[in-house]
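Notes follow the structure.
Values below: every heavy atom of this structure, side chains too, minus hydrogens, waters and symmetry copies. Protein chains get the first letters and strands the later ones, always in sequence-line order, with residue 1 at the start of each.
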Amino acid sequence: MTMFQDANRKQISNRRKTDLVLHLLFIVATSIGIVALMALLISIMMDGLSRLNWDLFTNYPSRLASKAGMKSAVVGSIYMVLIMAPISFILGVGAAIYLEEYAKKNAITRFIQLNISTLAGVPSIVYGILGLTIFVRGMALERSLLSGSLTMTLLVLPIIIVSAQEAIRAVPRARRDASFALGATKWQTVARSVLPSSISGILTGVILALSRAIGETAPLVMIGALTFVAFLPESIMDQFTVMPIQIFNWVSRPQVAFHELAAAGIIVLLAMLILMNISAIILRNKYQKNV
Amino acid sequence: MQVNVSKPETKMSFTNKQMNVADKVVPILLFLCAAVSILTTIGIVYTLFSETISFFKSVPIFDFIFGGKWSPLIEPKSFGIWPLLSGTFLITLIAILVAVPIGLASAIYLSEYAPERVRKIVKPVLEVLAGVPTIVYGYFALTFVTPLLKSIFPDMSVFNALSAGLVVGIMIIPMVSSLSEDAMSAVPKSLRHGAYALGATRFEVALKIVVPAAFSGIVSSAVLAFSRAIGETMIVSVAAGSTPNLTLNPLESIQTMTAYIVQVSLGDTPHGSVEYGTIFAVGLTLFIITFLLNILALYVARRFREEY
């Protein structure tokens with residue numbers, strides 16, 4: 001009897017030890033991701049802070065690292081987002097409203113939905129190939145700001161549609177019923193009841209999607225955004241560059257001075273992303289209070 | 001009297017007519033918005049296939065699929081996709097070896113061990129990793145990870161698969177951890193309580209109850225991460241090099257499919273040339289592989305889901 005109890009007790013203590021060891025192991029594994037993020041941020045700060053000054057925003061790219069700035073890239077990124085925002089908002093929200101409020105539950109709707117989720121998994125560089133063929137060559141828009149913005153719109157559209165769908169779905173059924181009970185038509189209900197109650201959720205998704213577009217490099221390399229732009233685009237048909245492309249160009253050079261510039265550029269890019277994410281979080285909190 | 005009654009009626013029917021117009025036109029407009037996504041897919045498939053077919057008119061498809069040498073820009077030209085495929089899979093393999101164990105362990109920690117307070121902070125922090133632009137990771141791989149590795153492997157080349165693969169792995173950790181954690185959190189509390197009541201430790205509950213119950217979600221997250229690693233472009237363009245190299249040595253410089261596409265589009269390759277066609281043939285290969293993986297992830301998540 002005691003032998004059995006001893007064996008039993010030993011087994012239990014072994015199992016507890018395994019649990020403890022693995023608990024520690026899991027904590028270590030979880031902190032690897034966090035440590036990597038810290039290492040990334042700290043190394044970029046250390047490399048780039050010394051080059052972070054106004055010259056970065058007022059100078060054009062240059063062959064001399066000491067004179068180079070990213071004025072055209074910052075402006076290009078902002079212009080691209082300004083062009084993308086209305087187009088992707090209208091197309092994305094329109095598609096989401098259609099799928100949530102109008103579409104019949106049939107094979108075509110299921111196909112569209114499946115199609116959207118597969119599009120979200122297509123590598124971004126494939127969108128670049130699409131943009132190169134359709135916009136740059138097919139529609140002869142050349143390597144313009146418009147080509148770049150349209151390509152990026154297609155890239156972020158699945159993200160916007162899915163998040164807008166979630167926001168619309170979160171509107172309680174009762175609000176629609178109340179509107180119908182007052183004699184409103186479908187469209188009046190959607191435009192005056194459903195959209196106003198979901199708009200902050202929709203905007204959150206749009207801002208996050210646009211912040212994805214700001215950091216995206218590969219598709220714009222494909223459609224031929226330039227790496228050396230010493231002018232500001234004056235119309236949507238002008239050539240352009242964006243921040244990630246400028247950073248890519250600086251990273252690709254062997255000189256350390258250009259790497260420091262790249263790090264400074266990355267700080268600016270990350271600051272912009274953090275700003276957009278904070279505004280998205282503020283909107284989301286407002287939205288959670290409303291519904 | 002009768003006139004007075006009918007007057008508002010005609011006015012009513014007039015507004016109804018206006019409403020009817022809006023309610024007839026709007027659904028069509030909205031459907032057109034939704035159709036853009038279908039057109040995008042058609043555009044991608046049509047573009048890739050039509051250009052690839054014309055590429056195969058000048059380069060035999062057999063050479064492309066079975067050739068072991070890729071040098072389309074330098075004479076003597078050869079168009080075997082295998083060096084690019086091996087480069088891509090080498091990167092992906094390293095990335096998966098980093099991301100799946102770490103991601104899965106993080107998911108188990110967050111879902112089974114961590115106090116709610118810790119979970120609420122750590123999960124979003126890990127998700128930040130997925131929001132960092134890939135060019136930033138490229139910089140990190142080249143200027144931080146590579147020098148670090150070089151102190152361990154002194155004869156490693158500056159551009160190498162190991163550094164890029166590790167960083168791609170870090171990038172996709174949150175894909176595995178977040179999606180797996182979601183799947184684990186969806187396992188009903190009653191199952192855990194049953195096991196605890198039988199005297200199981202937390203690790204036993206995690207390993208024998210939660211992981212099996214959430215297995216379809218975990219596998220599907222790993223497959224999605226795999227597909228994401230294959231399509232990753234900037235990290236490998238910056239840090240892995242541009243030498244199509246049929247090797248499995250992670251210390252050598254290689255080239256992935258995506259990095260090749262970037263390399264060609266950075267140069268001024270004339271439109272319509274055979275070199276230009278390679279973009280589409282490689283792009284199509286990339287698209288087919290990632291598409292199949294994404295469908296597989298969807299299928300696994302749906303087909304093998306445990307319903308409670």
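Contact detail for A:Leu270 and B:Pro133: the closest heavy-atom pair is CD2-CD, 3.9 Å. The two atoms that bring A:Tyr102 and B:Pro27 nearest to each other are CE2-CG, 3.6 Å, heavy atoms only. Across all their heavy atoms, A:Leu119 and B:Ser37 have their closest contact at CD1-O, 3.4 Å. When every heavy atom of A:Ile112 is checked against every heavy atom of B:Ile38, the shortest pair comes out as CG1-CD1, 3.8 Å. When all heavy atoms of B:Thr40 and A:Leu130 are compared, the closest pair comes out as CG2-CD2, 3.9 Å. Counting all heavy atoms, side chain and backbone alike, B:Thr290 lies closest to A:Pro123 at OG1-CD, 3.5 Å.
Remark: B:Tyr109 OH to A:Leu24 CG distance equals 10.0 Å, nearest 0.5 Å. Separating the CG atom in B:Leu48 from the OG1 atom in A:Thr133 is a distance of 7.5 Å, to the nearest 0.5 Å. In this structure, B:Ile173 CD1 and A:Ile32 CD1 are separated by 7.0 Å, a value rounded to the nearest 0.5 Å. The line from CG of A:Leu40 to OH of B:Tyr139 is 10.0 Å long, rounded to the nearest 0.5 Å. Taking CD1 of A:Ile27 as the start and OH of B:Tyr113 as the end, the distance is 9.5 Å to the nearest 0.5 Å.
At a 4.5 Å heavy-atom cutoff, the contact between B:Val132 and chain A is made by side-chain atoms alone. Heavy atoms of B:Leu207 lying under 4.5 Å from chain A are absent altogether. Of the two parts of B:Ile279, the backbone and the side chain both hold a non-hydrogen atom closer than 4.5 Å to a non-hydrogen atom of chain A. Proximity to chain A involves both the backbone and the side chain of B:Val262, based on heavy atoms less than 4.5 angstrom apart. In this structure, chain A has a heavy atom under 4.5 Å from the side chain of B:Ile170, while its backbone stays farther away. When heavy atoms are compared at a cutoff of 4.5 Å, B:Leu126 approaches chain A solely by way of its side chain, counted from C-beta outward. Heavy atoms of B:Phe291 lying under 4.5 Å from chain A belong exclusively to its side chain. Contacts of B:Tyr46 with chain A are absent, with no heavy-atom separation under 4.5 Å from either backbone or side chain. Residue contact with chain B, scored on non-hydrogen atoms closer than 4.5 Å, involves the backbone and the side chain of A:Ala39 alike.
In this structure, the side chain of A:Asp19 does not engage the main chain of B:Thr201 through any donor-acceptor pair within 3.5 Å.
Contacts of A:Glu100 classified as side chain to side chain donor-acceptor pair (under 3.5 Å), with partners at least two apart in sequence or in another chain: A:Gln165, A:Arg169.
In this structure, A:Val126 and B:Leu286 have side chains that are in contact, with non-hydrogen atoms separated by less than 4.5 Å.
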